[in-house]
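Heads up, the thing below is written out as structure tokens.
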Amino acid sequence: MKLFFKFSIYFLLALIFLGACISAVFWYIWSSNLPYIGTLKEYRPPIITEIFSDDGEVVGRFWDEKRIVIPLEKVPPHLIQAFVAAEDARFFEHDGIDFSGIIRALSKNLAAGRIEQGGSTITQQVTKSLLLKNTKRTYRRKAREALLSIQIEKKFSKNRILFLYLNQIYLGQGAYGVEAAARTYFGKSAINLELAESAMLAGLPQAPARYSPVSHFDRARARQKYVLERMHKEGYINAEQLIDAMEFRLNIGKKEENTFAKAPYFVEHVRRYILKKYGRDLLYRGGLKVHTTLDFKMQIAAGTALRKGLLELDKREGYKGPLTHLAPEKRLDFRIKAIKKFTEAPPEAGSVVEGLVEIVDDEKKEVLVSVGEKIGRLPLSEMKWARKPNLEIAYYSAGVVNPSEVVEKVDVVLVRLLKNGEQSFS
């Protein structure tokens, strides 16, 4: 009996030793050739290159990754708290790996039937994004990720890790980092974000496309509510702040400003010059601040004068006909699309837009044209220039007598909107 007992003890110890050796071998293989974490000291991610006019106006931007690095001290506390509450509640307590958080996230996701919480810590997300970005998702990578996260926590402060995270993370709509995301979604710097806006951004990392406030506002709103409730539970905000943030009206930017359109030919010339002289990597990833001689006010004046001259020249050449002539059964479809278009983006006075000819009245010497849901009057006095092109006759010696000489019902034409609400032919 004693012999059997001794044999069992030795066998068990041998198994433990063998298991430890095998684990050590696998750990050595998986953790060998780890990326150097010292590279995180010099964080130089791809950032936006900006082109400026001589008075400091941004007239062009170029990037591979739309990112603007912001120092952590400029980030509002509630923005940091929102991300910590949503992504890693024990961030300030763990050493890179949060085993209790993994178990908690797994149980909540199983109960909800979908992924609501991630198991990775903020440190692990930094590791994946900066050190293991192009590696496949395997058990070996997970082991390396854990080891690197522990090393990062020993080497860097929590503030440094947060700085890396908040500037590196992808938040949808092409925006990397909280500063670019704040400008993309809310048209403002992250410095000026409200609590409700911060919570909206903090809800994006799990699935930026699924929770996009631009494409799926209701989902984004639900995710924002989850983040705010997490902030309240963690003690970052009180009940009053929670309610105020939930009721805060969000103004989501549907379309980002196209700075390139301000001086496209000039900016393209600058882009080609930088590309040839300094190379693509510096242009699209270097975050250059390029100050030029462009006088933006003169640029606007020159563009306005050029467009005016071209329109006047076009008028002198004569009227070349409508953009298109609709079949009667297509009229309703055109009106519906036009109403939707002009409801979403109402045209300003002086702008040139497409209009649909509804009535041509030679007796009253006028045409009624619909623009969206509104119908305006186009008098003959604004159409006299619209003679048929004829190189043999000077433009000032011939004019239109009746509107029917120029247009007919269901023609699609260009009209200019006047300040008094009427429309004039363009």
Side-chain angles (χ1 to χ4, degrees), residues 45-50 52 56-63 65-87 122 162-232 236-237 240-262 287 343-346:
I47 55 179
I48 296 172
T49 285
E50 294 183 311
F52 296 90
E57 180 88 14
V58 177
V59 293
R61 292 189 176 100
F62 301 99
W63 65 79
E65 294 182 3
K66 188 167 60 175
R67 178 188 287 106
I68 302 171
V69 175
I70 181 173
L72 190 66
E73 55 267 23
K74 290 188 177 182
V75 177
H78 57 69
L79 180 57
I80 297 172
Q81 293 163 356
F83 275 93
V84 170
E87 292 294 306
I122 284 176
L162 278 172
F163 165 75
L164 295 171
Y165 175 75
L166 293 175
N167 282 292
Q168 182 66 21
I169 192 167
Y170 180 65
L171 295 170
Q173 297 294 115
Y176 289 81
V178 294
E179 178 66 13
R183 297 188 186 195
T184 297
Y185 292 113
F186 305 113
K188 63 173 75 172
S189 169
I191 298 170
N192 301 316
L193 288 177
E194 302 290 342
L195 171 59
E197 296 167 333
S198 293
M200 179 67 78
L201 292 187
L204 294 174
Q206 287 292 324
R210 175 178 173 79
Y211 296 119
S212 169
V214 174
S215 306
H216 307 288
F217 184 77
D218 290 340
R219 291 180 192 168
R221 193 71 163 169
R223 183 68 181 169
Q224 177 210 34
K225 179 182 177 183
Y226 163 78
V227 174
L228 289 168
E229 288 172 345
R230 290 287 305 149
M231 293 181 73
H232 180 247
Y236 292 128
I237 59 175
E240 184 179 354
Q241 289 173 307
L242 172 66
I243 294 171
D244 289 344
M246 285 185 176
E247 294 177 350
F248 184 84
R249 184 174 179 179
L250 294 164
N251 184 20
I252 305 296
K254 299 294 184 182
K255 188 176 181 181
E256 191 176 5
E257 178 190 15
N258 181 13
T259 57
F260 188 79
K262 294 179 178 179
T343 300
E344 293 176 352

Query raised in the report: Nearest heavy-atom pair of Leu250 and Gln224: which atoms, and what distance?
Result: CD1-NE2, 3.8 Å

Query raised in the report: Do Val214 and Thr184 pass the side-chain contact (heavy atoms from CB on, under 4.5 Å) test, and can you show the C-alpha distance, the side-chain angles, and the key distance before you say yes or no?
Result: CA-CA 10 Å; Val214 174; Thr184 297; over 6 Å; no

**Report entry** Under the ring-ring contact (aromatic ring centres under 6.0 Å, His included) test, residues paired with Phe163 that sit two or more places apart
**Finding:** Tyr43

Report summary line: d(Glu65 CD, Ile47 CD1) to nearest 0.5 Å is 11.0 Å

Query - Smallest separation among heavy atoms of Ala86 and Ala202, with atom names - result: CB-O, 3.9 Å

Requested in this report: Answer yes or no: is there a side-chain heavy-atom contact under 4.5 Å between Phe62 and Ile48?
Outcome: no

Query raised in the report: What is the distance from atom NZ of Lys66 to atom CG of Leu171, rounded to the nearest 0.5 Å?
Result: 11.0 Å

Query raised in the report: Between Gln206 and Arg223, is any pair of side-chain heavy atoms under 4.5 Å apart?
Result: yes

Report task. Find out whether Met246 and Lys225 are in side-chain contact, i.e. whether some heavy atom of one side chain is under 4.5 Å from a heavy atom of the other. Result -> yes

Query raised in the report: Between Tyr176 and Tyr170, how do the two ring planes meet: parallel, tilted or perpendicular, split at 30° and 60°?
Result: tilted

Report task. Carefully, step by step, assess Thr49 and Trp63 under the rule side-chain contact (heavy atoms from CB on, under 4.5 Å). Result -> CA-CA 6 Å; Thr49 285; Trp63 65 79; over 6 Å; no

**Report entry** Side-chain ion pair, Lys74 and Glu179, N-O less than 4.0 Å
**Finding:** no

Requested in this report: Identify the two heavy atoms, one from Asn251 and one from Phe186, that lie closest to each other, and give their separation to 0.1 Å.
Outcome: O-CD2, 3.9 Å

Report task. Write down the atom of Ala181, the atom of Leu201, and the distance for their closest heavy-atom approach. Result -> CB-CD2, 4.0 Å

Query - OH on Tyr236 to CG on Leu195, rounded to 0.5 Å - result: 13.0 Å

Requested in this report: Look at the side chain of Lys188 and the backbone N and O of Leu193, then say whether any donor-acceptor pair between them is shorter than 3.5 Å.
Outcome: no

Report task. Hey, could you give me the CD1/CZ distance between Ile68 and Arg183, rounded to the nearest 0.5 Å? Result -> 3.5 Å

Query raised in the report: Looking only at heavy atoms, what is the nearest atom pair of Ala190 and Val178, with distance?
Result: CB-O, 4.0 Å

Query raised in the report: Around atom CD of Glu73, are there more than 12 heavy atoms of other residues, nucleotides or ligands at under 6.0 Å?
Result: yes

Report task. Please answer whether the main-chain N or O of Gly177 pairs with a side-chain N or O of Arg67 as donor and acceptor at a distance below 3.5 Å. Result -> no

Requested in this report: Supply the atom-to-atom distance Leu79 CG to Leu166 CG, rounded to the nearest 0.5 angstrom.
Outcome: 6.0 Å

**Report entry** Leu204 CG to Ser212 OG distance, which is reported to the nearest 0.5 Å
**Finding:** 7.5 Å

Query raised in the report: Tyr211 and Gly203: which non-hydrogen atoms are nearest, and at how many Å?
Result: CD1-O, 3.8 Å

Query raised in the report: Are the side chains of Tyr185 and Glu197 in touch, meaning some heavy atoms are under 4.5 Å apart?
Result: no

